[in-house]
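We number each residue from 1, following the sequence as shown. Being a predicted model, the structure only gives us computed values, none of them experimental. Hydrogens, waters and symmetry mates play no part in the numbers below; they use all other heavy atoms, side chains included. Counting convention: from 1, in listed order, for ligands and their atoms alike.
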Amino acid sequence: MTKKLIAGNWKMNGNLGANAQLLDAVLEGLGGRALACDVAVCVPAPYLLQVQGYQDRSRDSSGAPRLWLGAQDISRHESGAYTGEVSGRMLREFGVRFALVGHSERRQYHGETDETVALKAKAALSAGITPIVCVGETLAEREAGQTDDVVRRQLAAVIHENGHCITEIVVAYEPVWAIGTGKTASPEQAQQVHAVLRAQLGVASPAAGGIRILYGGSMNAGNAAELLAQPDIDGGLIGGASLKASDFLAIVGAAQVL
Ligand code: PGA
């Protein structure tokens, strides 16, 4: 079975003091034992150095961190005149292991197209960072019966650009209507879309069964276990609930027992 991944997405939240409190509690909750799932937090760029320290402190006896460091975005460019952008190589200097790519808030507020997202995934891979590629439909698209087409189109661009190393990516299905709204896709709704994505990945690679497909969108301590029990749900991308140690740890706990 694929090792699950629980990734927090802090979005534009936090400050040095609050981050320290949150991460002290998370590390304490994770304890000293080896974990049955991977755990990561995707943090705003100014906090990479701070959270790198926690990643280092969290290493188990094999040297693997119990808490991986992730970024929330990555430039599609390597270097140069791109004011405000952060390159994959810069992120690697801070020990970044994962980068969110194509989160719906980036698509919506920053005009990221399927092609940009695919190039960002490529930039991450070439820097040695695992992209967590986000896909998902809006409420209008769901109501129009377009969910499968939308997520397939979004993923197709990424496969087109990164087909040769597609097993290196993580996919996150995040229905836009479920993000930050308290409305979660039902386990059946989520599983149905995950199966569509798995089948599409299967055409690109015979090893698609090992590609982690996370669910995101109002996942919380109460609904995580049922969502994570679905056969094609390999973890969660957690927004609001990742800002509270007890909630985040409860989700990690749900992933551990499965
Ligand atoms: P949410 O956010 O858990 O607050 O709905 C998830 C996300 O946007 O990644």
Output block, N or O contacts of ligand 1, threshold 3.5 Å exclusive:
from, atom 1, to, atom 2, distance (Å)
ligand 1, 2 (O), Lys11, NZ, 3.4
ligand 1, 3 (O), Ser218, N, 3.4
ligand 1, 3 (O), Gly239, N, 2.9
ligand 1, 4 (O), Gly240, N, 2.8
ligand 1, 5 (O), Gly180, N, 2.6
ligand 1, 5 (O), Ser218, N, 2.7
ligand 1, 8 (O), Lys11, NZ, 2.7
ligand 1, 8 (O), His103, NE2, 2.7
ligand 1, 9 (O), Asn9, ND2, 3.3
ligand 1, 9 (O), His103, NE2, 3.3
ligand 1, 9 (O), Glu174, OE1, 3.3
ligand 1, 9 (O), Glu174, OE2, 2.7

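By the 4.5 Å side-chain criterion applied to Ile, Leu, Val, Met, Phe, Trp and Tyr, Phe98 is assigned to a cluster that also includes Leu5, Trp68, Leu100, Ile132, Val170, Leu214, Leu237.
Under a 3.5 Å cut-off, the side chain of Arg107 and the backbone N or O of Cys134 do form a donor-acceptor pair. Of the possible donor and acceptor atoms, one in the side chain of Gln189 sits under 3.5 Å from a partner among the backbone N and O of Ser186.
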Please report, to 0.1 Å, the donor-acceptor pairs under 3.5 Å made by any side chain of residues 149-158, with sequence neighbours excluded.
from, atom 1, to, atom 2, distance (Å)
Arg153, NE, Asp114, OD2, 2.7
Arg153, NH2, Asp114, OD2, 3.4
Gln154, OE1, Gly136, N, 2.8

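Checked against salt bridge (Lys or Arg N to Asp or Glu O under 4.0 Å), Arg59 has the following partners two or more places apart in sequence or in another chain: Asp56.
Heavy-atom contacts from other residues, nucleotides or ligands closer than 6.0 Å to CZ of Arg97 number more than 12.
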